[in-house]
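Residues: numbered from 1 along the sequence shown. Heavy-atom basis, side chains included; hydrogens, waters and symmetry copies ignored. Everything quoted here is computed from the prediction, not taken from an experiment.
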Amino acid sequence: MTDTTQGLESLGQLAGVPKGAGTEHIAIAREKKVDKFGRAYATGKRKNAVARVWVKPGKGNITINGKTSDAYFARPVLRMMINQPFKVTEREGEFDVIATVTGSGLSGQAGAVRHGISKALADYEPALRPALKHAGFMTRDSRVVERKKYGRKKARRSFQFSKR
């Protein structure tokens, strides 16, 4: 902190402090978090999908619920989604991923796996965190399906109106 913000005893004294004083960013040194097998673990979420993801150094194999990523995610867009964290950090083919994912549909599951991979990569190699955060992969997408309301056909759709 700067000398202008030291010695404040109450919020009333804050009026005399110039704007922006004492707001220097302090770099937090993050530690590498791995288990006894050398794997980093993280949980990723998207819609109603929850993915438990383990990342370890390897040849780039991605296993989801016991299947390869090509077998589990048939659409190329979904496979591209789960590979995005590796592309952004330029670590393609350097890590093996083992994931178990439940809930939601394939799109939500792919988003959950991507979120989990990003968090696990940041735990394994803390220097990658800024790149992943800038790309938006570290933030949980909080959008979920709106619930159906009574007296309506869906969440917002009303029944068809009939004049006669």
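Residues Thr102 and Gln109 come closest through the heavy atom pair C-NE2, 4.0 Å. Of all heavy-atom pairs between Ala120 and Val55, the closest is CB-CG2, 3.5 Å. Residues Ala110 and Ile82 come closest through the heavy atom pair O-CG2, 3.7 Å.
With respect to the salt-bridge test (charged N to carboxylate O, under 4.0 angstrom), the residues Arg156 and Glu146 qualify.
Using a distance-only test at 3.5 Å, with no hydrogens or angles considered, no donor-acceptor pair links the side chain of Glu94 to the main chain of Gly58. Formation of a donor-acceptor pair under 3.5 Å by the Asp96 side chain with backbone atoms of Asn61 is found in this model. Of the possible donor and acceptor atoms, one in the side chain of Lys148 sits under 3.5 Å from a partner among the backbone N and O of Arg152. Judged by distance alone, the side chain of Arg91 and the main-chain N or O of Thr89 form a donor-acceptor pair under 3.5 Å. Judged by distance alone, the side chain of Lys45 and the main-chain N or O of Thr43 form no donor-acceptor pair under 3.5 Å. At distances below 3.5 Å, at least one donor-acceptor pair connects side-chain atoms of Thr68 with backbone N or O atoms of Ala71. No donor-acceptor pair under 3.5 Å is formed between the side chain of Asp123 and the backbone N or O of Ala42.
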Run Gln84 and Arg114 through side-chain contact (heavy atoms from CB on, under 4.5 Å) and show every step you take.
CA-CA 7 Å; Gln84 282 177 332; Arg114 179 178 75 178; 2.5 Å; yes
Steps toward side-chain contact (heavy atoms from CB on, under 4.5 Å) verdict (Ile117, Val113)
CA-CA 6 Å; Ile117 289 172; Val113 170; 3.7 Å; yes
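Separating the CE atom in Met81 from the CZ atom in Phe137 is a distance of 8.5 Å, to the nearest 0.5 Å. In this structure, CD in Glu92 is found 5.0 Å from NZ in Lys87, a value given to the nearest 0.5 Å. Summarising the geometry, atom CG belonging to Asn83 is positioned 10.5 Å from atom CZ belonging to Phe73; distances are rounded to the nearest 0.5 Å.
Asn65 and Tyr72 are linked by a side-chain donor-acceptor pair at a separation below 3.5 angstrom, with hydrogens and angles left out of the test. Counting only N and O atoms by type, the side chains of Ser69 and Arg79 include no donor and acceptor under 3.5 Å apart.
Environment of CZ in Arg140: crowded, with over 12 heavy atoms of neighbouring residues, nucleotides or ligands closer than 6.0 Å. Dense packing is recorded around NZ of Lys149, with more than 12 heavy atoms of other residues, nucleotides or ligands lying under 6.0 Å away.
Note that Lys56 lies outside the cation-pi zone of Phe95, set by a 6.0 Å cut-off to the ring centre and a 45° limit from the axis.
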